[in-house]
Chemist: 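Okay, here's the structure, questions in a sec.
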Amino acid sequence: GEDVEQSLFLSVREGDSSVINCTYTDSSSTYLYWYKQEPGAGLQLLTYIFSNMDMKQDQRLTVLLNKKDKHLSLRIADTQTGDSAIYFCADPTGGGNKLTFGTGTQLKVEL
Amino acid sequence: GAVVSQHPSWVICKSGTSVKIECRSLDFQATTMFWYRQFPKQSLMLMATSNEGSKATYEQGVEKDKFLINHASLTLSTLTVTSAHPEDSSFYICSARDSGLGTEAFFGQGTRLTVV
């Protein structure tokens, strides 16, 4: 089955850039997603990228997609304390009807 | 964006009792809803896909008799944890996709279940 992997933890200083990485195995998806989960809450869709794109920028967020290496990354510029959360990449599988989530990366922003 | 509401947000129940969790799409119709389970500091694991008017599709290893899913209308799916035990304690999250457009799935805020 589909396997989506992320590093578990990332710590950055406020104002620095954060880069969260994700690797996946199913390359047939039309989209790939990034979600944010704050403590005790559901998931919030941050951004997504079409599989035929290499890069997408949305304000402080930049998504890079390397289809050859099946690697996805999320860069957060000028990271703030409010960005502290768990970030999940997600790959639609089963014909796009189901989401397979990565293991999640906990981002901690320090002052 | 669209809103998905889960109720309750948290529940504590005694071992052996059953608990029902509701997932509602508030401003859109959802033919399909998804139920996930999340253990502390872990990812979301898809439990089942709930289809309006038909039986749910369960993922491998998920006991359909233990986790009863009903999707009686286009805006409501329920997950009932039957004869709950402490090992069922977890964070349960539902998501719903707007039947009319797009592929984005909207998530509820989750339900924290603690079985004592």
Chemist: Do B/Tyr36 and B/Val81 sit in the same hydrophobic cluster, where Ile, Leu, Val, Met, Phe, Trp and Tyr count as joined when their side-chain heavy atoms come under 4.5 Å apart?
Modeler: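 They do not share one cluster, since no chain of ILVMFWY contacts under 4.5 Å joins B/Tyr36 to B/Val81.
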Chemist: Give the member of B/Gln42, B/Gln6, B/Gln109 that has the highest number of heavy-atom pairs under 4.5 Å with chain A.
Modeler: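 Most heavy-atom pairs under 4.5 Å with chain A: B/Gln109.
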Chemist: Report yes if some heavy atom in the side chain of A/Thr100 is under 4.5 Å from a heavy atom in the side chain of B/Leu46; otherwise report no.
Modeler: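 With C-beta onward as the side chain, the pair stays apart.
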Chemist: Pull out the residues in residues 66-80 of chain A that come under 4.5 Å of chain B, heavy atom to heavy atom, sorted by number.
Modeler: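 Contacts with chain B: none.
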Chemist: Is it true that atom CD of B/Glu87 has more than 12 heavy atoms of other residues, nucleotides or ligands lying nearer than 6.0 Å?
Modeler: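 Counting other residues, nucleotides and ligands, CD of B/Glu87 exceeds 12 neighbours.
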Chemist: A/Ile86 and A/Val4: same hydrophobic cluster, using ILVMFWY side-chain contacts below 4.5 Å?
Modeler: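 Same hydrophobic cluster.
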Chemist: Measuring heavy-atom distances to chain B, does A/Tyr48 have an atom under 4.5 Å in its side chain, in its backbone, in both, or in neither?
Modeler: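 Neither part, no heavy atoms under 4.5 Å.
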Chemist: Would you kindly confirm whether B/Tyr92 and B/Phe34 end up in one hydrophobic cluster when ILVMFWY residues are joined by side chain heavy atoms under 4.5 Å apart?
Modeler: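 Result: no, two separate clusters.
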Chemist: To the nearest 0.5 Å, what is the distance between CG on A/Leu45 and CZ on B/Phe106?
Modeler: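 Rounded to the nearest 0.5 Å, the CG-CZ separation comes to 8.0 Å.
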Chemist: Side chain from CB out, backbone as N, CA, C, O: work out which of these in B/Gln38 comes under 4.5 Å of a heavy atom of chain A, or both, or neither.
Modeler: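 Contact with chain A: side chain only.
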Chemist: For atom NE2 of B/His85, decide whether the heavy atoms of other residues, nucleotides or ligands shown that lie under 6.0 angstrom number more than 12.
Modeler: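 Yes, enclosed.
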Chemist: Pick one of side chain, backbone, both or neither for A/Phe101, based on which atoms fall under 4.5 Å of a heavy atom in chain B.
Modeler: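 Both backbone and side chain.
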Chemist: Is there a path from A/Leu46 to A/Tyr33 through hydrophobic residues (I, L, V, M, F, W, Y) whose side chains come within less than 4.5 Å of each other?
Modeler: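 Yes, A/Leu46 connects to A/Tyr33 through the hydrophobic network.
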Chemist: Does a sphere of radius 6.0 Å around NZ in A/Lys56 hold more than 12 heavy atoms from other residues, nucleotides or ligands, not counting ones at 6.0 Å or beyond?
Modeler: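 It does: A/Lys56 NZ has more than 12 such atoms within range.
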Chemist: Does any backbone or side-chain atom of B/Glu59 lie under 4.5 Å from a heavy atom of chain A? Answer side chain, backbone, both or neither.
Modeler: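 The side chain, not the backbone.
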Chemist: Of all heavy-atom pairs between A/Leu99 and B/Phe107, which one has the smallest distance, and what is that distance?
Modeler: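 Looks like CD1-CZ, 4.2 Å.
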Chemist: Side chain, backbone, both or neither: which part of B/Ile93 has an atom under 4.5 Å from a heavy atom of chain A?
Modeler: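 The answer is the side chain of B/Ile93.
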Chemist: Under 6.0 Å from the NZ atom of B/Lys66, do we count more than 12 heavy atoms belonging to anything else shown?
Modeler: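 Counting other residues, nucleotides and ligands, NZ of B/Lys66 exceeds 12 neighbours.
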Chemist: Heavy-atom pairs under 4.5 Å with chain B - which of A/Gln37, A/Glu38, A/Gln44 has more of them than the others?
Modeler: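 Top count of heavy-atom pairs under 4.5 Å with chain B: A/Gln37.
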Chemist: When hydrophobic residues are tied together by side-chain contacts of less than 4.5 Å, even through go-betweens, does B/Leu26 share a cluster with B/Trp35?
Modeler: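 No, B/Leu26 does not connect to B/Trp35 through the hydrophobic network.
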Chemist: Do any N or O atoms from the side chain of B/Ser43 and from the backbone of A/Gly102 form a donor-acceptor pair under 3.5 angstrom?
Modeler: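 Side chain of B/Ser43 to backbone of A/Gly102, a donor-acceptor pair under 3.5 Å: yes, one is there.
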